[in-house]
Number of protein chains: 2
Amino acid sequence: MTIAERSFTTTERPQARGKWRSFMSREIVCHQDDPVTDIYRVETGAVMLYQILRDGRRQIVDVLYPGDYFGFGDGTIQDCFAETLMACDVIAWRRDDAFSTVEWCHAFTAAMQRKLGAMHDHVTLLGKKTALERVASFLMRFVPECSGRLCNGAPPADYGRVTHDVYMSRREIADYLGLTLETVSRAISQLKREGMIEAPRPTQIAIKEICRMCKVAALH
Amino acid sequence: MTIAERSFTTTERPQARGKWRSFMSREIVCHQDDPVTDIYRVETGAVMLYQILRDGRRQIVDVLYPGDYFGFGDGTIQDCFAETLMACDVIAWRRDDAFSTVEWCHAFTAAMQRKLGAMHDHVTLLGKKTALERVASFLMRFVPECSGRLCNGAPPADYGRVTHDVYMSRREIADYLGLTLETVSRAISQLKREGMIEAPRPTQIAIKEICRMCKVAALH
DNA sequence: CGCGACCTTGATGATGATCAAACAACGTGG
DNA sequence: CCACGTTGTTTGATCATCATCAAGGTCGCG
C-alpha cells in the first residue's frame with residue numbers, strides 16, 4: 001500500500017460539519033489568488049500545490065497525502081494552485097466551522113508541525129543538494145521508514161520487491177525538485193545503470209539498494 | 001523601525017505560564033536532533049533556523065521575526081538549529097502548557113498558516129528564481145508592504161530615504177538563498193551599479209527604486 | 001498502422017561555483 | 001597614532017553542473 005492509498009479511519013479524526021468531496025485525477029481544487037473559503041484535508045489520494053510566476057515558470061511547492069491540510073493560503077488569499085495527482089477524496093470545512101472546536105485545532109496544529117518540518121527538509125534539498133541527490137531524495141520518499149529523520153537504519157523486509165507508483169510525470173518531478181525534466185530523466189537513468197533502482201516502466205520504480213540510495217540522497 | 005525591532009503588545013497575545021528568555025546575538029537557542037521540550041515565540045529581534053548536512057553544508061531554512069514560533073520540530077525532535085541574529089527576547093512555553101488553551105491554539109494556527117505560505121514562496125524562490133532575482137527578493141523583504149502578495153502597488157512614502165540593517169553576513173544570505181557568498185556579493189554590486197539600491201556599508205541597504213526592484217525580483 | 005504524449009539520450013552553452021587575490025573595516029598592542 | 005592581524009567583502013579568472021536545444025525512442029490508443 002502506497003502513501004497515497006492510505007486513508008484515515010474517520011473515528012479518530014474530527015470531521016464534524018465537514019463535507020466529503022471526490023475529485024478525478026488532474027482536477028484543480030483551488031486557484032492561486034482566489035479568496036479562502038474552505039479548508040481541505042486529503043483523505044485518500046494525492047494533491048500537488050504549485051505556484052506560477054508571471055512569466056509562466058511553475059514551482060510545485062508540496063505534494064500532499066492523506067492527513068495533510070490545504071487551501072488556507074495566508075488566511076485570506078490562496079497562495080497556490082491545488083491539483084489532484086490521482087482520484088482523491090477530501091473533506092472540506094468552512095473556515096469558521098473548522099476552527100470552532102478544540103479537537104479540530106489540535107489535529108490541525110499537529111499536522112502543521114509535521115508539514116513545516118517537511119518544508120524545512122525540502123528547502124534544504126532545493127538550496128543545497130545536487131541534481132542526483134534531489135532525485136534520490138525524492139524516490140526515497142516512497143520508503144517513509146527510511147527517508148526522514150526517524151530512520152533507524154532498518155529497511156522494511158520486503159524492500160526491493162515492491163514497486164512504487166510515481167503519480168508524477170518527469171516534468172512534474174522536475175518542477176518539484178527545481179530541475180528540468182531532462183536532468184530528472186538523466187538522474188533516474190544513472191540510478192538504474194548503477195543498480196540502485198529498477199523501473200519496469202517510467203511511472204513505476206523499485207528501490208533495490210536502500211542504504212546506497214540513502215547515501216546518494218545525503219539523507220543521513 | 002525594522003521588522004526585527006517590532007515587538008508584540010503582550011495583552012493581545014496569550015502568554016500564560018510562558019517564560020521570558022533573553023539572548024545575545026549569535027546564541028544558539030536549540031539544536032538539531034535535540035528532543036522537543038519547549039515551544040518558543042520571538043518577541044523582539046530575529047532568529048535564523050538552519051539545517052546542517054553530514055558533510056557540513058548548511059541551509060538556512062527560515063528567518064524569524066516577532067510573532068513567529070519555533071522549536072517544535074516534527075513534534076518530538078528538532079529539525080533545525082535556531083540561532084539568534086541579534087539580541088532577542090523570546091517566550092518559552094512547555095509543550096503541554098502551550099497547547100492546553102484554546103486561545104493559544106488559535107494564535108498558533110494563525111501564525112502557522114502565515115508561515116507555511118511564506119515557506120511556499122521561499123520554495124518557489126529556491127526552485128525557480130535566478131541569483132539576481134533571489135537577492136532582489138531577499139532585499140525586498142525589508143519593504144513588507146511591497147514584497148508579499150498583499151502589495152497594492154503603492155510604496156511607502158519615505159522609501160529610498162530609509163536604510164535597513166541587514167543582520168546577516170554575505171555567507172548567511174547565501175546559505176539562505178541557496179547561493180555562494182560571492183554570487184550574493186556580485187548581485188548586490190549589480191543592483192548598486194544600476195542604481196536600484198544603495199549600501200553605505202555592507203550591512204546596510206536602502207532601496208531607491210522599489211518598482212524596478214519588484215520587477216527584478218519577479219514578485220508580481 | 002500512424003499519431004500523440006511522454007521519456008531518453010546527445011551536443012552545446014550559460015549560469016553560478018570554485019579558486020584566488022586584493023581591498024575595507026575594525027580592534028589590539030607597541 | 002600607526003603598524004599589524006583578523007574578519008568579512010569585492011572582484012576577477014576558470015571550471016563544472018545543469019539548462020537548453022535537438023533528435024530519436026517507447027508506449028498506448030483510435
Side-chain angles (χ1 to χ4, degrees), chain A residues 25-26 48 53 55-60 85-86 125-139 163 165-194 197-205 216-218, chain B residues 25-26 48 53 55-60 85-86 125-139 163 165-194 197-205 216-218:
Chain A
S25 181
R26 313 290 152 167
M48 62 177 168
L53 299 178
D55 58 7
R57 282 175 286 181
R58 174 181 75 165
Q59 177 68 35
I60 296 176
L85 285 172
M86 52 192 292
L125 179 149
L126 291 170
K128 282 286 157 340
K129 292 191 182 180
T130 66
L132 192 64
E133 289 171 340
R134 293 182 202 199
V135 172
S137 301
F138 173 75
L139 295 178
T163 61
D165 286 297
V166 180
Y167 288 99
M168 300 167 75
S169 70
R170 295 290 184 266
R171 163 154 294 285
E172 285 161 348
I173 299 172
D175 282 348
Y176 183 41
L177 300 180
L179 301 169
T180 60
L181 66 92
E182 293 96 329
T183 300
V184 170
S185 179
R186 274 183 249 271
I188 290 176
S189 297
Q190 182 176 344
L191 294 171
K192 273 197 293 193
R193 261 199 315 279
E194 300 187 7
I197 64 171
E198 283 178 1
R201 53 185 59 201
T203 60
Q204 288 191 328
I205 60 113
V216 172
Chain B
S25 182
R26 311 289 149 167
M48 62 177 166
L53 299 177
D55 59 6
R57 282 175 286 179
R58 175 181 73 165
Q59 177 68 34
I60 296 176
L85 285 172
M86 52 191 293
L125 179 148
L126 291 170
K128 283 286 157 343
K129 291 191 182 180
T130 66
L132 192 65
E133 287 170 341
R134 294 182 200 199
V135 172
S137 300
F138 172 76
L139 295 178
T163 62
D165 286 296
V166 180
Y167 288 98
M168 299 167 76
S169 69
R170 295 290 184 267
R171 162 155 294 283
E172 285 162 348
I173 298 172
D175 282 347
Y176 184 43
L177 301 181
L179 301 168
T180 60
L181 67 91
E182 293 95 331
T183 301
V184 170
S185 179
R186 274 182 248 271
I188 289 175
S189 296
Q190 181 176 345
L191 294 171
K192 272 197 293 194
R193 261 200 316 279
E194 299 188 6
I197 64 170
E198 283 176 4
R201 52 185 58 201
T203 59
Q204 287 190 328
I205 60 110
V216 172

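Per chain, numbering begins at 1; letters A, B, ... match sequence-line order.
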I would like to know whether L191(A) and L132(A) meet side chain to side chain contact (heavy atoms under 4.5 Å, CB included); could you show each step before the answer? CA-CA 8 Å; L191(A) 294 171; L132(A) 192 64; 4.1 Å; yes
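- Looking only at distances, no side-chain donor or acceptor of Q204(A) sits under 3.5 Å from a matching main-chain atom of R201(A).
- For R186(A) and dT8(C), the shortest distance from a side-chain N or O to OP1 or OP2 is not below 4.0 Å.
- Remark: side-chain polar atoms of R134(A) are paired, donor with acceptor, to backbone N or O of L177(A) under 3.5 angstrom.
- With rounding to the nearest 0.5 Å, the separation of OG1 in T180(A) from CZ in R186(A) is 7.0 Å.
- Remark: the backbone N or O of T130(A) is paired with a side-chain donor or acceptor of E133(A) at under 3.5 angstrom.
- L181(B) places its CG atom 15 Å from the P atom of dT7(D), with the value rounded to the nearest Å.
- Along DNA chain D, the nucleotide nearest to G178(A) and the one nearest to R193(B) differ in position, and the one closer to the 5' end is contacted by R193(B).
- With hydrogens and angles ignored, a donor-acceptor pair under 3.5 angstrom links the side chain of E182(B) to the base of dC19(C).
- Between the K128(B) side chain and the R58(A) main chain, a donor and an acceptor come within less than 3.5 Å of each other.
- Atom CD1 in I173(B) sits about 17 Å away from atom C1' in dG16(C), given to the nearest Å.
- Base engagement by S185(A) is indicated by at least one non-hydrogen atom pair under 4.0 Å involving a base atom.
- We find that NZ of K129(B) is positioned 18 Å from C1' of dT15(C), with the value rounded to whole Å.
- I188(B) comes within 4.0 angstrom of no nucleic acid atom, judged by non-hydrogen atoms across all strands.
- Contact annotation for T180(A): base contact, defined as any heavy-atom pair under 4.0 Å involving a base atom.
- Atom CZ in R171(A) sits roughly 15 Å away from atom C1' in dT8(C) (whole-Å rounding).
- No donor-acceptor pair under 3.5 Å is formed between the side chain of T203(B) and the backbone N or O of V166(B).
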Annotated protein contacts, base or backbone, on nucleotides 25-30 of chain D with a non-hydrogen cut-off under 4.0 Å, one of B, S, - each: ---S--
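- Atom CG of D175(B) is separated from atom C1' of dA17(C) by 13 Å (rounded to the nearest Å).
- When rounded to the nearest whole Å, the span between CG of L179(A) and P of dC7(C) equals 15 Å.
- Formation of a donor-acceptor pair under 3.5 Å by the Q59(B) side chain with backbone atoms of L125(A) is not found in this model.
- S189(B) places a side-chain N or O within 3.5 Å of a backbone atom of S185(B) that can act as its donor or acceptor partner.
- When each of dA17(C), dC18(D), dC7(C) is scored by its nearest atom to the side-chain atoms of T183(A), the top-ranked nucleotide is dC18(D).
- Under 4.0 angstrom from either OP1 or OP2 of dT9(C) there lies at least one side-chain N or O belonging to S189(A).
- dT15(C) atom C1' lies 16 Å from atom CG of L126(B), rounded to whole Å.
- Stem list for DNA chain D (at least 3 consecutive Watson-Crick or G-U pairs, distances under 3.5 Å): C:1-6 with D:25-30, C:8-30 with D:1-23.
- To the nearest angstrom, P of dA16(D) lies 18 Å from CD of E133(A).
- The minimum heavy-atom distance between A218(B) and L53(A), with the atom names listed, is O-CD2, 3.9 Å.
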